[in-house]
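Worksheet: one structure, shown below.
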Amino acid sequence: MLGRKDRGQLELFITGSLRQLIPDDHVLARVDRVLDLSWLAGEVGDAYCADNGRPGIDPEVAVRLMVAGFLLGIVHDRRLMREAQVNLAIRWFAGYGLHEVLPDHSSLTRIRQRWGAERFRRIFERTVRACVAAGIARGEVVHVDASLIRANVSWESLAVRHAEAVEAENADADPEAQAQAQAQAQRRNGRQTGKYKKVCTTDPDASMATNGRNRRLEPSYKQHGVVDDVCGVVLDVEVTTGETNEGQELLARLDAAAQTAGSAIRIATADAGYAYAKVFAGLEAREIEAIIPTKAEPVRSKVPLRRFRYDAKHDHVKCPRGKILRP
């Protein structure tokens with residue numbers, strides 16, 4: 001016969017743990033088996049008042065919620081807390097039962113502001129050292145890259161840096177001259193370099209950048225990361241404005257990764273965006289072998305680079321006229 005299920009039935013008693021309802025191969029269950037945050041309260045304790053005010057959210061709960069959002073691909077705190085309302089795995093991972101009220105999404109924002117970037121940096125470094133101690137990272141062979149992150153700002157919040165200067169210069173001019181100056185400024189606004197580049201008034205760190213010549217500039221951040229070769233453990237990460245050049249951050253990030261991992265880096269790989277003489281010189285001074293492809297040949301080069309011949313045996317280059325070019 002056709003079966004029916006009464007979905008309106010209320011449960012009077014629920015016995016057991018939420019862990020019994022979560023598969024053993026779930027990502028949060030696997031992480032929980034090795035995650036130890038017992039030291040966290042001592043790390044962030046100085047950011048709280050010891051004998052006054054209401055009890056705050058357990059620091060371990062805050063970090064577990066952030067980790068759950070990262071592992072499940074949930075970027076925004078508001079969406080994370082909405083998902084936690086109905087997701088048993090997130091509730092169990094954070095330590096909340098079915099009858100308990102979860103924190104408001106704004107609490108995670110306030111916690112980040114209270115702790116500050118330096119404390120999060122120390123938490124991250126401690127995690128990296130734990131991975132090195134467990135043998136899943138060595139810090140000897142690393143891969144470096146940078147990624148553009150589109151800022152969550154509207155195009156209406158963008159302004160042109162050049163506009164204020166034009167208004168100041170033409171404050172006392174006659175209306176006709178002022179109109180001509182404004183028209184000239186509008187023509188120049190099409191440029192996206194130098195003093196005519198657009199800036200974001202609501203988020204100054206989101207500078208205009210692009211990852212392709214044929215793509216338009218967008219307000220972005222840039223994430224610089226160093227990844228270990230063994231299991232892909234992130235050894236170091238830094239976020240800058242979008243217009244920061246990759247080569248400016250490479251050496252500093254390698255130094256930070258080596259200090260955190262506690263071992264010298266032997267080999268570093270990167271793409272052609274890092275192929276600068278300053279980068280190669282810095283890697284050579286640190287005795288790091290660089291695996292970086294050279295940049296494409298300049299289009300307007302008077303003498304094509306393909307006409308130069310490199311002699312690997314004697315480590316020198318010959319120019320088209322036979323002259324030897326040494327380092």
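Sequence positions, counted from 1, serve as the residue numbers for this chain.
- When all heavy atoms of Ala84 and Ile90 are compared, the pair lying nearest together is CB-CG2, 3.6 Å.
- Taking CG of Leu35 as the start and OG of Ser38 as the end, the distance is 9.5 Å to the nearest 0.5 Å.
- Distance alone, capped at 3.5 Å, places no donor-acceptor pair between the Arg91 side chain and the Tyr96 backbone.
- With rounding to the nearest 0.5 Å, the separation of CG in Asp77 from CE in Met66 is 7.0 Å.
- No more than 12 heavy-atom neighbours from other residues, nucleotides or ligands sit within 6.0 angstrom of NE2 on His76.
- Closest approach of Pro23 to Ala29, counting heavy atoms only: O-CB, 3.6 Å.
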Please list, one pair per line, the donor and acceptor atoms closer than 3.5 Å that link side chains of residues 246-254 to other protein atoms, with sequence neighbours excluded.
| from | atom 1 | to | atom 2 | distance (Å) |
| --- | --- | --- | --- | --- |
| Glu249 | OE1 | Arg253 | NH1 | 3.1 |
| Arg253 | NE | Asp236 | OD2 | 2.4 |

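- Listed here is the closest heavy atom pair of Ala257 and Val226: CB-CG1, 3.9 Å.
- The side-chain contact (heavy atoms from CB on, under 4.5 Å) search around Ser107 returns Ile57, Pro103, Asp104, not counting sequence neighbours.
- Scored by the salt bridge (Lys or Arg N to Asp or Glu O under 4.0 Å) test, Asp315 finds no partners at all (sequence neighbours excluded).
- Between Thr244 and Thr241, the side chains place a donor N or O and an acceptor N or O closer than 3.5 Å (distance only, hydrogens not considered).
- Atom CG of Asn152 has 12 or fewer neighbouring heavy atoms from other residues, nucleotides or ligands inside a 6.0 Å radius.
- Without hydrogens or angle criteria, Ser220 side chain to Leu148 main chain gives no donor-acceptor distance under 3.5 Å.
- Contact record, Cys319 with Leu325: CB-CD1, 4.3 Å, taken as the closest heavy-atom pair.
- Distance alone, capped at 3.5 Å, is enough to place a donor-acceptor pair between the Arg114 side chain and the Ala47 backbone.
- One finds a salt bridge joining Arg64 and Asp32 here, because a Lys/Arg side-chain nitrogen approaches an Asp/Glu carboxylate oxygen to under 4.0 Å.
- A pairwise comparison of heavy atoms in Cys231 and Ile136 identifies CB-O, 3.5 Å as the closest pair.
- One finds the CZ atom of Arg112 at 15.5 Å from the CZ atom of Arg119 (value rounded to the nearest 0.5 Å).
- Note that CG of Asn245 is 8.5 Å distant from NE2 of His224, once rounded to the nearest 0.5 Å.
- Not counting sequence neighbours, the partners of Glu125 by the side-chain contact (heavy atoms from CB on, under 4.5 Å) test are Arg121, Arg129, Thr260.
- In this structure, Arg19 places its CZ atom where more than 12 heavy-atom neighbours from other residues, nucleotides or ligands lie under 6.0 Å away.
- Partners of Ser147 under the side-chain contact (heavy atoms from CB on, under 4.5 Å) rule, at least two apart in sequence or in another chain, do not exist in this structure.
- Other residues, nucleotides and ligands contribute more than 12 heavy atoms inside 6.0 Å of the CZ atom of Arg33.
- Between Val234 and Phe124 the shortest heavy-atom distance is O-CZ, 3.5 Å.
- Leu65 CG to Phe93 CZ: the interatomic distance, rounded to the nearest 0.5 Å, is 9.0 Å.
- No more than 12 heavy atoms of other residues, nucleotides or ligands lie within 6.0 Å of CZ in Arg110, so this atom counts as exposed by the packing criterion.
- A donor-acceptor pair under 3.5 Å links the side-chain atoms of His26 to the main chain of Leu28, judged by distance alone.
- The environment of Phe120 atom CZ is dense: over 12 non-hydrogen atoms of other residues, nucleotides or ligands sit within 6.0 angstrom.
- Atom-to-atom distance recorded for Ile288:CD1 and Ile265:CD1 is 5.0 Å, nearest 0.5 angstrom.
- The side-chain hydrogen bond (donor to acceptor under 3.5 Å, both in side chains) check on Arg122 picks up Glu43, with sequence neighbours excluded.
- Annotation: Glu100, atom CD; neighbour count of heavy atoms from other residues, nucleotides and ligands within 6.0 Å is above 12.
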